[in-house]
Amino acid sequence: MRKPSNKVTVSGFVSRDIDKSLSLIAKQKKITKSQLISELLSEIIQKKNEEIEDTKYSKLEKQLMKTDERLASLLIKFGKLDAQSLFLLLRLIQLTGLDKESIDKVWGDSLVFAGNVLKKPLKASLQEDKS
């Protein structure tokens, strides 16, 4: 009894030049024309599948780039708002009539506060990494 094969017979027509080329290449590789055609078809199908995958990834990359651009623009807007808030706050402090030493102290205290705020998330993330 014959074993069932997972190979399928496919027929087609090619020009005499292509047939001669296939025969020549098959002889050089010391394989049959059928094996050569099977190899060539496998390569073509693999390339097509890779192209399809590349298309999927390129769409995903484009979406990620758009998201990155949006986040970058949001960060810039937040930076501008922070700068404007800082300017207004300093202007209000100046208008209160405080002397230069008091203004410098408030400025120094705000820098220390900002530094502590920035250190807290960094310390928390470092502790999570160690766990």
Side-chain angles (χ1 to χ4, degrees):
M1 187 180 230
R2 197 170 165 188
K3 278 187 174 180
S5 174
N6 60 350
K7 294 186 179 184
V8 179
T9 302
V10 178
S11 61
F13 298 96
V14 294
S15 68
R16 290 181 198 265
D17 291 338
I18 292 175
D19 184 50
K20 286 180 185 177
S21 296
L22 288 172
S23 297
L24 182 66
I25 295 169
K27 275 185 183 178
Q28 288 175 348
K29 288 187 155 196
K30 297 180 182 175
I31 58 175
T32 64
K33 279 197 295 186
S34 295
Q35 290 172 327
L36 177 64
I37 291 170
S38 180
E39 285 178 11
L40 293 173
L41 286 173
S42 293
E43 289 175 14
I44 291 169
I45 290 170
Q46 184 178 0
K47 285 180 184 178
K48 291 293 181 185
N49 286 337
E50 287 173 1
E51 288 174 12
I52 291 169
E53 287 296 316
D54 288 345
T55 304
K56 288 179 186 176
Y57 283 120
S58 66
K59 286 180 183 177
L60 184 60
E61 287 173 356
K62 286 177 186 176
Q63 289 175 342
L64 285 173
M65 288 185 69
K66 284 181 183 178
T67 304
D68 284 348
E69 289 171 5
R70 290 177 186 153
L71 285 173
S73 91
L74 275 175
L75 287 173
I76 290 170
K77 287 178 184 178
F78 286 143
K80 288 178 180 179
L81 288 172
D82 286 343
Q84 188 177 18
S85 298
L86 181 62
F87 172 76
L88 291 173
L89 180 64
L90 289 175
R91 188 69 181 134
L92 286 171
I93 290 172
Q94 287 175 341
L95 292 174
T96 59
L98 292 175
D99 58 351
K100 173 119 173 81
E101 289 177 11
S102 298
I103 293 173
D104 289 342
K105 182 177 179 344
V106 170
W107 176 252
D109 290 345
S110 67
L111 287 177
V112 170
F113 175 78
N116 290 335
V117 168
L118 292 174
K119 285 180 189 175
K120 285 180 185 176
L122 180 62
K123 286 181 183 177
S125 66
L126 289 176
Q127 288 175 352
E128 288 174 6
D129 290 341
K130 290 180 183 177
S131 303

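Note that these values count all heavy atoms, side chains included, but never hydrogens, waters or copies made by symmetry. On a predicted model such as this, the values are computed, not experimentally measured, just so you know.
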Result block: side-chain N/O donor-acceptor pairs under 3.5 angstrom for residues 67-85, not counting sequence neighbours:
| residue | atom | partner | partner atom | Å |
| --- | --- | --- | --- | --- |
| T67 | OG1 | Q63 | O | 2.9 |
| S73 | OG | R70 | O | 3.2 |
| S85 | OG | L81 | O | 2.9 |

Let me confirm one number: the [atom1]-[atom2] distance from [X] to [Y], rounded to the nearest 0.5 Å.
| X | Y | atom1 | atom2 | answer |
| --- | --- | --- | --- | --- |
| D54 | K59 | CG | NZ | 12.5 Å |
| Q28 | K30 | CD | NZ | 11.0 Å |
| K29 | E39 | NZ | CD | 4.5 Å |
| L92 | T96 | CG | OG1 | 8.5 Å |

### Task
Search all heavy atoms of Q35 against all heavy atoms of I31 and return the closest pair with its distance.
OE1-CB, 3.1 Å
### Task
Taking all heavy atoms of L22 and all of L36, pick out the closest pair and write down the distance.
O-CD2, 3.3 Å
### Task
Please go through I52's hydrophobic cluster and name the other residues, only I, L, V, M, F, W, Y counting, with side-chain heavy atoms under 4.5 Å joining them.
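So far as hydrophobic clustering goes, I52 is joined with none.
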Checking [X] now: which residues fulfil side chain to side chain contact (heavy atoms under 4.5 Å, CB included) with it, not counting sequence neighbours?
| X | answer |
| --- | --- |
| E101 | D99 |
| L89 | I93 |
| K105 | D109 |

### Task
Before giving the answer on side chain to side chain contact (heavy atoms under 4.5 Å, CB included), spell out for N49 and I45 the whole-Å C-alpha distance, their side-chain angles and the decisive distance to 0.1 Å.
CA-CA 6 Å; N49 286 337; I45 290 170; 3.7 Å; yes
List the atom pairs, with distances to 0.1 Å, where a side-chain N or O of residues 12-21 and a protein N or O form a donor-acceptor pair under 3.5 Å, not counting sequence neighbours.
| residue | atom | partner | partner atom | Å |
| --- | --- | --- | --- | --- |
| S15 | OG | I18 | N | 3.3 |
| D19 | OD1 | K33 | NZ | 2.5 |
| S21 | OG | D17 | O | 3.1 |

### Message
With a 3.5 Å distance limit and no angle check, can you tell me whether E43 reaches the backbone of L40 through a side-chain donor-acceptor pair?
### Response
no
